[in-house]
Amino acid sequence: MEEKSKGKKILEILQENYEIESAQDLSSAIKDLFKDSLQEMMNAEFETSMGYQKYDNKTEKTNYRNGKTKKKLKSEFGEFEFVTPRDRNGEFEPKIVPKNKRDVSGIEDKIISLYGRGLTTREINEQIQNLYGIEVSATMVSNITDQILPKIKEWQDRPLESIYPICFVDAVHFSVRNEASVVKKAAYIVLGINEYGEKDVLGIWIGENESAKFWLSVFNDLKSRGVKDILILCSDGLTGMKEAITTAFPKTVQQRCIVHMIRNSVRFVSYKELRPFCEDLKTIYTSKNEKAGYEQLQKIKDKWKNKYPTALKSWEENWDTICPFFSYSEPVRKIMYTTNTIESLNRSYRKYTKTKSVFPSDEALMKCLYLATINITKKWNGRYRNWDLILGELSIMFEGRI
């Protein structure tokens, strides 16, 4: 005779004890079975801890039963009342359902995951209600996601590598509630490329005003976590950046993002002349060397100075931080003079946070950005193309430092 499967045996037990006529009846039966099985496991665990059974009068006892504690327990099958036995000495520490635990469903992990994917509290509530039939409030979401705050601190303080050949710095702006008003705050992000060509978000800092003092504190933080050298730092014209990096890492080459330089220039140009103006700008950063690039800058300035006298002013003022990429080959140039790497990261952050028009606090913003970072960096399992050649070139250009 064919042996019955475990599923058929369980079904027979359910049918013997419940009138199952619908999927809802089956769900209710499984809920009761889960509740009773969990309670039996708790009772068995308690008896093992005590060393004697409930009505055992023969065993010598050093600890005694002391009633029970009732609590509402959430599970994948809904909410039910659960009983935890107590002992007089307070020595029993249950493992199956710890004393302060009120959720055995995985709901908390689900809420944290949904929060990290940018869902609003209302959307999270809808998802959890559909899955578990449990109401989720904004306070509950906040309390549950607060569990990751120690992980955020650990991540923000984690040790880093000693050398990063290339680092990118940029800011993403968000609306954050500050008492009775809503203010714009920046999340400043440092993205590093290590010696193996792998990307990593080194840290996120929120809410500070841009200044040399602020950026110096950021770089000192990186140093305290083990960073000894940064060969090339790519950024936009963030206030105080130049002074801070010169102080913290005096040998670091600073490279201004050409994409940002172009954006700053075209603000002054009328739409009908935008295309020819951008084509002229391209001849600057595609020149074969620094001298040719600077000569091209002068030609373009003479051509457009009557119509747009201020459009190229920032190029001249910041030429010392624009021109470094001319010293490198095309593969290195592409990494240096555009911030495509960090702008791609910033787009991902905006994607994860687009449903949240206003964050209730800096802490809430940090939680969301941290969870987004974890999700984003999971996909970073490769390294830059032709990294061996790039590293070889950098080791020659920065002899003795890498």
Side-chain angles (χ1 to χ4, degrees), residues 166-175 183-191 208-212 214-215 232-246 252-350:
I166 303 174
C167 280
F168 301 90
V169 181
D170 204 359
V172 190
H173 294 85
F174 300 93
S175 296
V183 297
K184 281 286 184 183
K185 289 197 174 183
Y188 300 100
I189 297 145
V190 178
L191 172 66
E208 298 285 350
N209 294 321
E210 289 179 31
S211 65
F214 165 69
W215 286 116
I232 300 168
L233 182 80
C234 308
S235 70
D236 188 16
L238 298 166
T239 304
M241 174 64 67
K242 187 174 181 178
E243 296 85 346
I245 193 67
T246 301
T252 297
V253 172
Q254 298 175 60
Q255 176 64 56
R256 285 288 292 269
C257 170
I258 300 300
V259 173
H260 282 91
M261 293 298 299
I262 294 169
R263 287 177 186 166
N264 292 335
S265 294
V266 299
R267 290 184 301 143
F268 304 98
V269 180
S270 67
Y271 181 76
K272 65 179 181 179
E273 293 182 313
L274 202 55
R275 186 169 181 175
F277 185 84
C278 287
E279 287 176 352
D280 283 347
L281 286 180
K282 188 175 181 180
T283 64
I284 299 174
Y285 60 84
T286 56
S287 297
K288 62 181 180 179
N289 54 47
E290 180 188 348
K291 181 181 178 183
Y294 190 75
E295 288 174 353
Q296 203 62 33
L297 171 60
Q298 299 308 312
K299 289 178 183 178
I300 296 167
K301 187 179 76 168
D302 290 340
K303 177 180 176 180
W304 295 99
K305 66 181 179 182
N306 292 330
K307 284 188 175 183
Y308 310 114
T310 58
L312 292 165
K313 185 179 179 182
S314 63
W315 288 75
E316 284 202 302
E317 290 178 348
N318 297 286
W319 186 252
D320 62 327
T321 55
I322 294 172
C323 68
F325 73 87
F326 284 115
S327 302
Y328 304 90
S329 66
E330 189 63 24
V332 182
R333 284 191 188 193
K334 284 185 177 179
I335 298 176
M336 287 180 64
Y337 71 63
T338 68
T339 53
N340 289 344
T341 302
I342 198 164
E343 285 187 353
S344 174
L345 175 63
N346 291 347
R347 282 194 297 273
S348 296
Y349 282 137
R350 292 188 184 98

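Note that this is a predicted model, so its numbers are computed, not measured. Atom set for the values below is all heavy atoms of this structure, side chains included, hydrogens, waters and symmetry mates excluded.
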Return yes if some donor-acceptor pair links the side-chain N/O of [X] with the main-chain N/O of [Y] below 3.5 Å, else return no.
| X | Y | value |
| --- | --- | --- |
| Asn318 | Thr321 | no |
| Gln255 | Ile232 | no |
| Ser211 | Phe214 | yes |
| Ser265 | Ala311 | yes |

Return the [atom1] to [atom2] distance between [X] and [Y], rounded to the nearest 0.5 Å.
| X | Y | atom1 | atom2 | result |
| --- | --- | --- | --- | --- |
| Phe268 | Thr310 | CZ | OG1 | 4.0 Å |
| Ser314 | Glu317 | OG | CD | 7.0 Å |
| Ile166 | Ile335 | CD1 | CD1 | 4.5 Å |
| Ile300 | Thr283 | CD1 | OG1 | 3.5 Å |
| Asp320 | Arg256 | CG | CZ | 9.5 Å |
| Cys234 | Phe325 | SG | CZ | 11.0 Å |

Compare every heavy atom of [Y] with every heavy atom of [X], then report the nearest pair and how far apart it is.
| X | Y | answer |
| --- | --- | --- |
| Tyr285 | Leu281 | CD2-O, 3.4 Å |
| Asp302 | Lys305 | O-CG, 3.6 Å |
| Arg267 | Asn264 | NE-O, 3.3 Å |
| Trp319 | Gly293 | CH2-C, 3.8 Å |
| Pro324 | Val253 | CB-CG1, 3.6 Å |
| Thr246 | Gln254 | OG1-NE2, 3.3 Å |

- I would like to know whether Phe326 and Ser287 meet side-chain contact (heavy atoms from CB on, under 4.5 Å); could you show each step before the answer? CA-CA 8 Å; Phe326 284 115; Ser287 297; 4.1 Å; yes
[X] vs [Y] side-chain heavy atoms within contact, under 4.5 Å:
| X | Y | result |
| --- | --- | --- |
| His173 | Lys185 | no |
| Val266 | Leu274 | yes |
| Ser175 | Val183 | no |
| Lys313 | Lys301 | no |
| Val190 | Asp170 | no |
| Leu312 | Gln298 | no |

- Between Trp215 and Tyr188, how do the two ring planes meet: parallel, tilted or perpendicular, split at 30° and 60°?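 It falls in the perpendicular class, over 60°.
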- Query: Using the ring of each side chain (for Trp, its six-membered ring), is Trp304 parallel, tilted or perpendicular to Phe277, with breaks at 30° and 60°?
  - Reply: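 Correct class here is perpendicular.
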- Message: The test is side-chain contact (heavy atoms from CB on, under 4.5 Å); show your working for Lys282 and Ile262 and say whether it passes.
- Response: CA-CA 9 Å; Lys282 188 175 181 180; Ile262 294 169; over 6 Å; no
- Take Leu233 and Met241 through the test side-chain contact (heavy atoms from CB on, under 4.5 Å) and record every step on the way to the result. CA-CA 10 Å; Leu233 182 80; Met241 174 64 67; 3.6 Å; yes
- Task: Check step by step if side-chain contact (heavy atoms from CB on, under 4.5 Å) holds for Ile284 and Trp315.
- Result: CA-CA 10 Å; Ile284 299 174; Trp315 288 75; 4.1 Å; yes
- Would you call Asp236 and Arg263 a salt bridge, using N to O less than 4.0 angstrom?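 Salt bridge between Asp236 and Arg263, a charged N being under 4.0 Å from a carboxylate O: no.
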- Partners passing salt bridge (charged side-chain N to carboxylate O under 4.0 Å, His left out) against Lys303 (at least two apart in sequence or in another chain):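 Salt bridge (charged side-chain N to carboxylate O under 4.0 Å, His left out) check on Lys303 returns Asp280.
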- Query: Can you list every salt bridge (charged side-chain N to carboxylate O under 4.0 Å, His left out) pair that touches residues 283-298, not counting sequence neighbours?
  - Reply: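 For residues 283-298, and leaving out neighbouring residues, there are no salt bridge (charged side-chain N to carboxylate O under 4.0 Å, His left out) pairs at all.
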